[in-house]
Amino acid sequence: MAKILVSGCLLGFPCRYDGKSCPVAEIRELAKKHTLIPVCPEQQGGLPTPRLPSEIIGEKVINREGTDVSEQYHRGAEIALQTAKLNDIHLAVLKAKSPSCGKGKVYDGTFSGTLIPGNGVTVSLLEEEGLTVFSEQELTELRSLLDKGEGIL
Ligand code: SF4
């Protein structure tokens with residue numbers, strides 16, 4: 001059995017910027033064998049739900065009206081990291097493309113739906129601290145790691 005940090009929206013919690021969720025049945029299924037610990041760095045960092053969408057621009061996170069929300073994003077990332085440390089978690093499944101939870105690709109800061117290479121703020125911090133992060137689009141790779149069980153239990 002592994003302990004896995006999971007984006008709350010992937011588990012069906014309505015924590016997204018638009019007040020909705022984006023549940024993935026296959027991720028919820030993981031709870032049968034593993035312990036899933038939900039986080040939502042944007043809510044936990046102090047942002048309301050619903051909230052304006054934000055994108056990463058350089059070193060900052062800016063919402064659609066131009067307000068700098070970097071502080072809340074970094075606070076949320078730190079809370080996700082502390083949650084992982086407190087529970088001795090080394091593995092995370094986080095929501096693709098989010099400015100917090102996105103891994104590998106994020107929106108380019110123009111609010112035009114254009115993706116560029118990069119990580120969300122929380123993914124950057126978790127990876128810096130040694131966690132292995134998957135998106136919901138990488139469940140085959142996640143399952144393969146869980147089957148091996150190496151270094152994550
Ligand atoms: Fe989902 Fe992460 Fe956005 Fe929260 S911050 S709504 S968990 S993608």
Side-chain angles (χ1 to χ4, degrees), residues 2-31 34-142 146:
K3 288 180 277 186
I4 310 171
L5 206 68
V6 183
S7 291
C9 55
L10 292 175
L11 293 172
F13 301 160
C15 52
R16 266 174 41 143
Y17 74 93
D18 57 4
K20 296 179 180 168
S21 67
C22 37
V24 175
E26 224 173 323
I27 295 177
R28 291 180 68 107
E29 284 283 301
L30 290 171
H34 306 285
T35 301
L36 307 184
I37 311 283
V39 289
C40 177
E42 291 173 24
Q43 282 190 336
Q44 290 171 297
L47 293 168
T49 304
R51 55 190 169 275
L52 289 171
S54 299
E55 295 191 2
I56 297 172
I57 303 178
E59 297 293 307
K60 295 182 177 178
V61 187
I62 307 290
N63 75 19
R64 199 178 52 202
E65 288 186 348
T67 302
D68 185 342
V69 286
S70 307
E71 189 185 327
Q72 291 92 328
Y73 273 71
H74 286 286
R75 191 185 303 137
E78 189 57 39
I79 290 170
L81 175 62
Q82 293 309 323
T83 303
K85 286 187 170 174
L86 188 65
N87 292 285
D88 195 27
I89 295 173
H90 304 280
L91 190 57
V93 182
L94 301 181
K95 176 76 186 75
K97 300 184 246 177
S98 152
S100 293
C101 295
K103 188 204 147 195
K105 283 182 192 167
V106 289
Y107 292 112
D108 70 350
T110 63
F111 295 91
S112 63
T114 308
L115 290 166
I116 54 172
N119 285 331
V121 175
T122 295
V123 173
S124 294
L125 182 64
L126 295 180
E127 287 193 338
E128 260 172 50
E129 295 286 329
L131 273 85
T132 301
V133 180
F134 294 94
S135 79
E136 79 278 18
Q137 298 166 347
E138 299 174 312
L139 296 182
T140 305
E141 292 88 335
L142 170 68
L146 289 172

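Counting convention: from 1, in listed order, for ligands and their atoms alike. The residues of the chain are indexed from 1 along the displayed sequence.
- With rounding to the nearest 0.5 Å, the separation of CD1 in I89 from OG1 in T35 is 8.5 Å.
- Of the possible donor and acceptor atoms, one in the side chain of E55 sits under 3.5 Å from a partner among the backbone N and O of T110.
- When atom types are taken as modelled, the side chain of R28 and the backbone of A25 share no donor-acceptor pair closer than 3.5 angstrom.
- Just one residue in the list L10, L5, L30, V93 forms a side-chain contact (heavy atoms from CB on, under 4.5 Å) with L36, and that residue is L30.
- With E78 contributing its side chain and H74 its backbone, the two residues share no donor-acceptor pair below 3.5 Å.
- Residue R51 touches ligand 1 through its side chain alone, judged by heavy-atom distances below 4.0 Å.
- Not a single donor-acceptor pair under 3.5 Å links the side chain of E42 to the backbone N or O of R16.
- Only protein N, O or S atoms were scored, and 1 of them lie under 2.8 Å from atom 1 (Fe) of ligand 1.
- Under a 4.0 Å criterion applied to the non-hydrogen atoms of V39, ligand 1 contributes the atoms 7 (S).
- Residue E141 places its CD atom among more than 12 non-hydrogen atoms of other residues, nucleotides or ligands, all under 6.0 Å distant.
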